[in-house]
Amino acid sequence: MKTCACFLYGCLFVLWASTGWADTPVYDELTRTLTVPVVEVDGQPGRFQDVVLEPDGNGGWIVARLDEGVLLDSEYVESFGMSATGHPIVQRNVNLSGTFPNGCPEIGRVTQRVEGDTIELFVYYAMNEWLRDPDGVACTQALVPFDLSIPLDTRGLE
């Protein structure tokens, strides 16, 4: 029984670490670059993604590379709902499903912003070749369904 509990706690720690540190900036000593996963601009978290900063030689930083997030087109969303799981700690999720018209678009980063008692979700496309060069990529013409269950950060909300 003790082994089972240790294994369970170990799995929970890995899950927490993989989600809790996913958006933490990372400094690479070998390349001397700082990567910031998400930058909020004008109240839109995730507007800039995977921002790579390099030292400018004068004690500051310059932007070496970044991806500008592109929000998912709402026309592809077919259903939107909420669910709750767990007891006594309740986890609330947004369930989002729809269909892409071809095989190129993919769901990428999902971010959220809490303002008062309102939670705003921002669902972005994945930064793939199709997004970078839509005319230069051949896409399958098959419809591609997607289904997301997005956990909400409701800490501090009533």
Side-chain angles (χ1 to χ4, degrees), residues 5-77 80 85-86 89 91-98 100-140 144-157:
C6 290
F7 177 76
L8 177 61
Y9 287 124
C11 289
L12 289 173
F13 174 77
V14 168
L15 179 61
W16 172 79
S18 65
T19 57
W21 293 328
D23 288 336
T24 302
V26 175
Y27 179 73
D28 185 335
E29 289 194 35
L30 186 62
T31 62
R32 297 185 55 219
T33 59
L34 177 66
T35 303
V36 181
V38 177
V39 176
E40 180 172 337
V41 175
D42 296 329
Q44 186 178 340
R47 173 69 184 271
F48 295 110
Q49 302 173 13
D50 300 322
V51 179
V52 178
L53 303 170
E54 294 177 341
D56 69 359
N58 296 317
W61 296 90
I62 58 170
V63 176
R65 187 182 64 80
L66 62 83
D67 292 321
E68 186 167 356
V70 178
L71 290 168
L72 177 68
D73 293 309
S74 61
E75 67 189 75
Y76 302 135
V77 177
F80 177 88
T85 59
I89 298 172
Q91 173 62 56
R92 300 197 184 284
N93 297 303
V94 168
N95 303 306
L96 188 69
S97 63
F100 290 126
N102 59 56
C104 281
E106 298 174 60
I107 299 292
R109 185 175 298 278
V110 177
T111 61
Q112 59 185 300
R113 183 172 75 122
V114 177
E115 181 97 15
D117 62 353
T118 302
I119 299 174
E120 291 181 280
L121 287 178
F122 299 85
V123 181
Y124 294 92
Y125 288 107
M127 290 293 160
N128 60 20
E129 279 306 308
W130 166 78
L131 197 58
R132 289 183 177 95
D133 181 20
D135 296 330
V137 176
C139 302
T140 65
V144 178
F146 62 86
D147 190 24
L148 298 171
S149 180
I150 305 163
L152 296 177
D153 182 2
T154 57
R155 287 175 290 181
L157 298 177

So with a 6.0 Å cut-off around [atom1] of [X], is the heavy-atom count from everything else above 12?
X: E75; atom1: CD; answer: yes
X: R132; atom1: CZ; answer: yes
X: D117; atom1: CG; answer: no
X: R113; atom1: CZ; answer: yes

Can you name the closest pair of heavy atoms from [X] and [Y] and give their distance?
X: P151; Y: S149; answer: CD-O, 3.5 Å
X: C104; Y: A138; answer: SG-O, 4.0 Å
X: L72; Y: V77; answer: CD2-CG2, 4.0 Å

Counting distance only, does the side-chain N/O of [X] pair as donor-acceptor with the main-chain N or O of [Y] below 3.5 Å?
X: N128; Y: W130; value: yes
X: N93; Y: N95; value: no
X: T33; Y: V52; value: no
X: E40; Y: F48; value: no
X: Q49; Y: G46; value: yes

Rounded to the nearest 0.5 Å, what's the gap from [atom1] on [X] to [atom2] on [Y]? Could you check?
X: L131; Y: E106; atom1: CG; atom2: CD; value: 10.0 Å
X: L66; Y: M127; atom1: CG; atom2: CE; value: 9.0 Å
X: I107; Y: Y124; atom1: CD1; atom2: OH; value: 12.5 Å
X: F100; Y: D73; atom1: CZ; atom2: CG; value: 8.5 Å
X: L96; Y: F80; atom1: CG; atom2: CZ; value: 7.0 Å

Next on the checklist: Between I119 and T154, does the side chain to side chain contact (heavy atoms under 4.5 Å, CB included) criterion hold? Intermediate values first, please.
Outcome noted: CA-CA 8 Å; I119 299 174; T154 57; 4.0 Å; yes
Checklist entry - Going by the angle between their ring planes, with limits at 30° and 60°, are Y125 and Y76 parallel, tilted or perpendicular? => result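 Rings of Y125 and Y76: perpendicular, over 60°.
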Checklist entry - Heavy-atom distance under 4.5 Å between the side chains of L152 and L121, does that happen here? => result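 Yes, at least one pair of side-chain atoms sits under 4.5 Å.
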Checklist entry - Are F122 and V38 close enough that some pair of their side-chain heavy atoms sits under 4.5 Å apart? => result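 Side-chain contact under 4.5 Å: no.
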Checklist entry - Hey, are R47 and E68 close enough for a salt bridge, meaning a charged N less than 4.0 Å from a carboxylate O? => result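 E68 and R47: salt-bridged.
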Next on the checklist: Distance alone, cut at 3.5 Å: any donor-acceptor contact between the side chains of Q112 and D153?
Outcome noted: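 Note: Q112 and D153 side chains miss the donor-acceptor criterion.
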